[in-house]
Amino acid sequence: MLLAVLITNSEGNILVERFNGVPGEERLHWRSFLVKLGADNLKGVKNEELCVASHKSVYIVYTVLGHVSIYLVGKDEYDELALSEAIFVVTSAIKDVCGKPPTERLFLDKYGRICLCLDEIVWKGLLENTDKDRIKRLVRLKPPTEF
Amino acid sequence: MAQFVKKDDDRDEEAEYSPFLGIEKGAVLQDARVFNDPQLDSRRCSQVITKLLYLLNQGETFTKVEATEVFFAVTKLFQSKDIGLRRMVYLIIKELSPSSDEVIIVTSSLMKDMNSKTDVYRANAIRVLCRITDGTLLTQIERYLKQAIVDKNPVVASAALVSGIHLLQTNPEIVKRWSNEVQEAVQSRAALVQFHALALLHQIRQNDRLAVSKLVTSLTRGTVRSPLAQCLLIRYASQVIRESSMNNQSGDRPFYDYLEGCLRHKAEMVIFEAARAITELNGVTSRELTPAITVLQLFLSSSKPVLRFAAVRTLNKVAMTHPMAVTNCNIDMESLISDQNRSIATLAITSLLKTGNESGVDRLMKQITNFMSDIADEFKIVVVDAIRSLCLKFPLKYRSLMNFLSNILREEGGFEYKKAIVDSIVILIRDIPDAKESGLLHLCEFIEDCEFTYLSTQILHFLGVEGPKTSDPSKYIRYIYNRVILENATVRASAVSTLAKFGAMVDSLKPRIFILLRRCLYDNDDEVRDRATLYLNTLGGDGSVVETEKDVKDFLFGSLDIPLVNLETSLKNYEPTEEHFDISSVPKEVKSQPLAEKKSAGKKPTALGAPPAAPTSTVDAYEKLLSSIPEFSTFGQLFKSSAPVELTEAETEYAVNVVKHIFDKHVVFQYNCTNTIPEQLLENVVVVVDASEAEEFAEVATKPLKALPYDTPGQTFVAFEKPEGVPAVGRFSNVLKFIVKEVDPSTGEAEEDGVEDEYQLEDSEIVAADYMLKVGVSNFRNAWESLGPDFERIDEYGLGPRESLSEAVNAVVNLLGMQPCEGTEVVAANSRSHSCLLSGVYIGNVKVLVRLSFGVDSSKEVAMKLAVRSEDESVSDAIHEIVAN
């Protein structure tokens, strides 16, 4: 299960937070844990360079893209490698929507479209689509090209 | 003038301005009214939905009324033909997750979309419907979903399959009906459809071992397009291997070739998954391990941190079970100590600590020292634990390891971290005699500047026990007395006790200790003063008559020997009168805790092969208790004490359980009795045992219980003699006999005269398992080989028809009373055969190992092959006799 997708600005303020199968009372804990993890480790990290950690039986893969930080949390089959695959899809979709690694402003300007992309990529904790071109078409309700 | 403003500033302002600046739920809900406009402005509506999404993604919640209002408004947007808006509508409906009574309003629109000619409408409608649907609606749309699963458009198929995975949790019966379609989708040419279909199909069939095995067999031969699906397949294959390996005696592991083939896959994800699966195989051989370790070693030097992390994490696990297999990677792991990612560095270090050899320890410690300063406490604790194990492995290296621990003890750190270090030093002092003096001094220096009261008192206690036994005990006094001067009351009180222990043990120090203790008489804390007075009195420092040296030492060093709970209850019940509180009146019997026992029994088996923690404390307590009873003191070494067996039903007037104590020539029944009637006092309580169904046993002693007041447990004992070394069995019937006296509940006083009465108890039994101690082995195969075939006895038995294989296995395990090893007591569901490994120590301290192979036929007849190896021929035969009878 892909437990969480969290996107923050560089100060650690939440831009997008989507949890799956995480009880309400644990979400705040996860949020602050992830933000602290990012604050400790994301300084000086290049765009899309992946950082990885595990906490109990849960894996976390996170990275920086422009001025936003992206965190994915998973367990069981969504281990560090599956998460790195998923985060690659997320970053490329965001870059695609924004045209470049986004500033916070640009990210918020494209907020609606980014939400749609995330909706195509992760649905209730399962990875649904992984191809950025297909995602790009799907959010416009266009059928995939290869079909 | 605005146009002359510099461009840079302009950009800064733009960057700071957020489109959601000052966003407020109330205002957005107001805005949502545009959804009701007769002339829909799609762009504006999309913007409002985005704002709603932003609020929801920030963790904002809507009240029921708000959500309903927005939801109804959103449904109006189905009228719009704007596809961008339609996509947003799908998303917001999912996010709002309307309640079941509201869903009805969109179902018709969604059903229409689900049958739309536009594929992506269909995909989205399926996802939304499945998100908001309940069972009844699901049966209506099931037909469409089944079609969608095999739709030629991969987006539609995936949407239906992923929905199926979610719906399986809530409506399993319905989704299970789709397995033909899902089966078809597994063969899809679209990579992701195959991935989703495989996941769903496995979930549908996960309880059918044969079906999973078939699925894995067919797919490992066919083509799997996506690396993600390949990873799933590897997981499923290793599940099949796990469940079948025990049935395969030939040594060939099914699917191993497939796993090994995956090591050459082009996707790193697949390579890693296969490597990890191989390392986790039950009883993996080094030949099987080698190729997996090789690819993991390559990953260690990958430029991708995720791969390095995954590899080092897996190798770290392998290092626990097969340290030799990992040594080849040590050079690569050493370079990871400086890895930017601290998780990777910590894993590398702990792996190295597990696999390193003695000569490399110093070099390793040097590298770790640099590393420790910049990791968090939780990582440091892991490192400290690993260093402790390393030191126990190479005791000759204690000097550098102990120095390392004392150095890090001086640095900054939280309580848990410091406690881990102190615990480690204490363990090393206990286990490595040479390390004692230096270790104690390190601890002394630590308490000079320790901010944690708990740790200071723990160390002071430990110093009191170990310090007096060293070559120069006087050097510790300074550190201890400093605590009396500088610390808080709790620590001061501990320091006083420690001083007293030195005084009691070291005669040459006694006069000086007295001086120090006398100074404590003026302490401003009661407890400190009381302790000082008490110890001065006990040791004779106040000129009083000194108790014998043995009494003093017993008092200072002996354990309290009374369960604290009982002491607490007795103290609470004690009413201050002329009569002093008598500590010997406190019952020593530990109340049985059925709840706690049940909990621990329900625990999952610990790590593979790990022997269960021996209940040392209970055994010790029993041993002490029995040896304190003169009648039983000649029985020799206690071999085993059983768990308490209840002899009464729950909630009866008198609760009685029995603990069976097994000696070489004797058996003692300890009856733990509790009187649950407040109006009664029982006196002269005994259990009269009829051993006519236990021919080999002869009663030799009885120890009655004088009084059994309400709710204070007490014990009575009956001892039997039996032939030496013979595992005699038998059944005993028990009757509780006593004199009952009425008690006036208001005064608590009992009447003078009592009436004789008796109470029938359940029978107790001595069975073969009572002569067996559950003692695990860490590596069964090695233990089996080292026992050798000299006294091996093999035979086959028919166990008759059984409810299930699992039930048969449990019955034999319980009959023998041995410790199952390596998790082999767990029988895979629907399995037709099973092997179980048992280990134990038989009476007379003879080590015994057992291999059981079970098979079950279609009529549920279970056959068993029993192979026993032990250190004694007669014991191997005895085990067979137990089963044969």
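Residue numbers start from 1 in every chain, and the chains themselves are labelled A, B, ... in the order their sequence lines are given, proteins ahead of strands.
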Contacting moiety of A:R27, where chain B heavy atoms sit under 4.5 Å: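 For A:R27, neither part sits under 4.5 Å from chain B.
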
Side chain, backbone, both or neither of A:R18 within contact of chain B (heavy atoms, under 4.5 Å):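 Contact with chain B: side chain only.
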
Partner chain A: residue of B:F195, B:Y54, B:F272 with the largest heavy-atom pair count (under 4.5 Å):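 So the answer, after comparing B:F195, B:Y54, B:F272, is B:Y54.
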
Contact leader toward chain A among B:P305, B:S226, B:P227, B:C231, where contacts are heavy-atom pairs under 4.5 Å: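 Ranked by heavy-atom pairs under 4.5 Å with chain A, first place is B:P305.
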
Do side-chain atoms of [X] reach the backbone of [Y] as a donor and acceptor pair under 3.5 angstrom?
X	Y	result
B:H202	B:L198	no
B:R225	B:Q194	no
A:S32	A:L28	yes

Nearest atoms (heavy-atom pairs only) where B:F299 meets B:E268: CZ-O, 4.0 Å

Part of residues 67-82 of chain A lying next to chain B, heavy-atom separation under 4.5 Å: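 Those residues of residues 67-82 of chain A which have a heavy atom under 4.5 Å from chain B are A:D76, A:E77, A:Y78, A:D79, A:E80, A:L81, A:A82.
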
Salt-bridge contact A:R105-A:D109 (side-chain N to carboxylate O under 4.0 Å): yes

Salt-bridge present (B:D113, B:R86; N to O < 4.0 Å):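 A salt bridge links B:D113 with B:R86.
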
B:R131 vs B:Y90, side chain to side chain donor-acceptor pair (under 3.5 Å): CA-CA, chis, key distance, verdict: CA-CA 11 Å; B:R131 174 84 167 81; B:Y90 291 135; over 6 Å; no

